[in-house]
K.L.:
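One structure coming up, written as structure tokens, with questions to follow.
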Amino acid sequence: MEKGLISVDRFTESSQAYFLTHLHTDHTQGLTSKWDRGPLFCSKLTAKLLPFKFPDFNLSLLRVVDLHIWHSFSLISPTTGSQITAHVMALDADHCPGGVMFLFRGGFGCLMYTGDFRWEADGVRAKDARSRLLDVLKNETVDILYLDNTYCNPSYDFPTREVAAQQVADIIASHPEHDIIIGIDTLGKEELLIHISRVLNIKIWVWPERLQTMHLLGFHGTFTTKTSLTRVRAVPRYSFSVETLEGLNTMRPTIGIMPSGLPWVLKPVKGDVNLFGSLLTSRYKKRQTSDKLDGNLGYADRYHQNMFSVRYSDHPCFAEIQEFIELVQPTNIKGIVSSSSCYVDPLYYFGRLCGVNQPPKRFVYKHERKEGDQKEVAASYFGNSPEAGRIKSRPVRVDHKRVNASRTSVSRRVRRGAKIVESDCSD
DNA sequence: GCGATCAGCT
DNA sequence: CACAGCTGATCGC
């Protein structure tokens, strides 16, 4: 098997160039403080944050990719041994601090890798992202869109983060005598906390490492590690459960708020099954029967006397995914979230939006292809002209029979990331 | 003893 | 189930 050329968010295998969209753990598998396998391309902010997650990282391997401009980088053709120039552009992913999408251009065609992203309709940042994207797409046709398909199902519907943040603020304001616990991760959802702080004029407690991150991000004054200064605390999501909440309530009245695009947050508690049931199987019923706070908090659900779930997400909801695809008009789409049996091939919903010369389906079935066979358009274009890689009349895999069928990756531990440019079709 | 990897859990 | 990530067991050095 030939070595890979370009890897995005995947660092467990050899490649010539490595790209990191953002610093969430499920996108850094294989990265360690001792990284020495090759240059690592990322945004300026990710480069700034990276040593905090990976102390002693060899900074000379970092290549900062500025937003919105094409950067050139070199690859060696595995077949001819000659040097090839490829180009990459980073675009704001609006996901977490430092998060970017990558657009690649070269003899392999044009590939877009969203990483994790959000694509809201409104807001200054969203509008800027949209115009930037439209601008670059004037001159490019995306052959393959590697898509954040986390919520690639019409049942995933949630508001903008601004709306969701206000819902959280409303919950807090309606519990003036309660302590508040909000579950967050090591990076992301800062704007939610900033919103709460500004609207309610209150500081937010975070744990010490998180305060360091906040300072690296340039947030000064809003956050504190002194519990005496505020009743609102942001805590690691993994440490957040009904049990801990009940424990806290033996000391002081406390409510928990879980910001999440997922419509469920709790598992059945041992010995208390009837209270929660299976939130997966009963989620639609739950949506209707769970308390809507005074009827005006929209998507906010009360799952427990002291626990609230608010649809605050850093991933695109289904409608946003659709709008993004309609904008990009890629020839083909691949989902980058493939870990679970929940994986839905984006082509199931959006195949009809792909490619301008989409062939009749019967041509697609010419030969049954296995997952490992659908190596990218990019794969065999080295040595050809860039234009060759952008011819749009190639067959497109639009295979509605394979809904939920791409499960060959279920056993993979590395859930995201891809070797997106390879020199041959073996894997 | 250490780091890398993985299972399990939330 | 799993947005992202912790803890602890195991394995190789």
Side-chain angles (χ1 to χ4, degrees), chain A residues 9 11-13 21-37 52-57 93-99 114-118 148-153 155-158 161 164 181-190 192 207 209-210 213 234-245 256-270 276-284 286 299 303-304 307 309-318 320-321 335-344 404 407 409-417:
Chain A
D9 292 351
F11 307 93
T12 51
E13 296 167 26
T21 61
H22 66 288
L23 277 170
H24 282 156
T25 301
D26 55 338
H27 290 257
T28 61
Q29 292 299 305
L31 262 191
T32 69
S33 290
K34 297 185 169 61
W35 174 259
D36 63 354
R37 299 176 82 136
F52 189 65
K53 190 180 180 83
F54 302 110
D56 306 321
F57 194 94
D94 203 7
H95 172 68
C96 72
T114 67
D116 288 348
F117 77 114
R118 178 98 202 231
D148 175 3
N149 57 321
T150 303
Y151 296 124
C152 192
N153 184 300
S155 67
Y156 289 124
D157 178 30
F158 38 75
R161 286 168 293 191
I181 301 291
I182 303 171
I184 62 168
D185 292 310
T186 55
L187 197 61
K189 299 192 166 65
E190 292 78 14
L192 167 63
W207 62 100
E209 293 80 4
R210 198 58 159 97
T213 303
V235 304
R237 187 160 52 91
Y238 66 86
S239 73
F240 191 9
S241 69
V242 169
E243 286 88 341
T244 55
L245 208 48
I257 300 173
M258 192 59 93
S260 169
L262 287 176
W264 62 87
V265 291
L266 303 177
K267 296 184 74 169
V269 175
K270 228 178 283 181
F276 300 108
S278 163
L279 295 184
L280 175 65
T281 55
S282 64
R283 46 179 273 245
Y284 295 107
K286 276 280 175 187
Y299 292 79
Y303 278 117
H304 178 269
M307 180 74 92
S309 169
V310 177
R311 306 280 188 281
Y312 186 104
S313 173
D314 286 321
H315 296 269
C317 64
F318 185 79
E320 292 173 21
I321 293 175
I336 63 171
V337 183
S338 58
S339 68
S340 72
S341 54
C342 275
Y343 176 82
V344 174
N404 282 328
R407 292 189 177 183
S409 303
V410 166
S411 62
R412 275 173 41 190
R413 301 296 301 171
V414 179
R415 307 184 308 156
R416 302 183 189 232

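Letters A, B, ... are given to chains in the order of the sequence lines, protein chains preceding strands, and every chain is numbered from 1. Please read these numbers as outputs of a predicted model, since none were measured by experiment.
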K.L.:
Among A:Lys189, A:His22, A:His24, A:Arg118, which one satisfies side-chain contact (heavy atoms from CB on, under 4.5 Å) with A:Asp314?
P.N.:
A:Lys189
K.L.:
Taking atom types as modelled and ignoring hydrogens, do the side chains of A:Asp116 and A:His27 form a donor-acceptor contact shorter than 3.5 angstrom?
P.N.:
yes
K.L.:
Rounded to the nearest Å, what distance is computed from the CH2 atom of residue A:Trp35 to the C1' atom of nucleotide B:dG3?
P.N.:
17 Å
K.L.:
Roughly, in whole Å, what's the span from CZ in A:Arg118 to P in C:dA4?
P.N.:
13 Å
K.L.:
With sugar-phosphate meaning primed atoms plus P, OP1 and OP2, does A:Thr25 contact a base, only sugar-phosphate, or nothing at under 4.0 Å between heavy atoms?
P.N.:
sugar-phosphate
K.L.:
Expressed in angstrom and rounded to an integer, what is the separation of A:Met258 atom CE from C:dA2 atom C1'?
P.N.:
12 Å
K.L.:
Measure the CZ-CG distance between A:Phe54 and A:Leu23 for me, rounded to the nearest 0.5 Å.
P.N.:
7.0 Å
K.L.:
Tell me which of A:Tyr238 and A:Pro259 sits closer to the 5' end of DNA chain C, going by the nucleotide each one is nearest to.
P.N.:
A:Pro259
K.L.:
Rounded to whole Å, how long is the line connecting atom CZ of A:Arg237 with atom P of C:dA2?
P.N.:
13 Å
K.L.:
Using a 4.0 Å heavy-atom cut-off across all strands, classify A:His95 as base, sugar-phosphate, or nothing.
P.N.:
sugar-phosphate
K.L.:
Which whole-number value in Å describes the distance from A:Gln29 CD to C:dA4 P?
P.N.:
12 Å
K.L.:
How long is the line joining CD1 of A:Ile336 and P of C:dA4, in whole Å?
P.N.:
9 Å
K.L.:
Are a donor atom and an acceptor atom from the side chains of A:Thr21 and A:Asp9 found within less than 3.5 Å of each other?
P.N.:
yes
K.L.:
Students often get this wrong, so: under 4.0 angstrom with heavy atoms, is A:Thr186 touching a base, only sugar-phosphate, or nothing?
P.N.:
sugar-phosphate
K.L.:
Figure out the NE2/P separation between A:His24 and C:dA2, and round it to whole Å.
P.N.:
17 Å
K.L.:
Check whether any side-chain nitrogen or oxygen of A:Ser241 sits under 4.0 Å from OP1 or OP2 of B:dT10, and answer yes or no.
P.N.:
no
K.L.:
Please report the distance, rounded to the nearest Å, between CZ in A:Phe54 and C1' in C:dG5.
P.N.:
12 Å
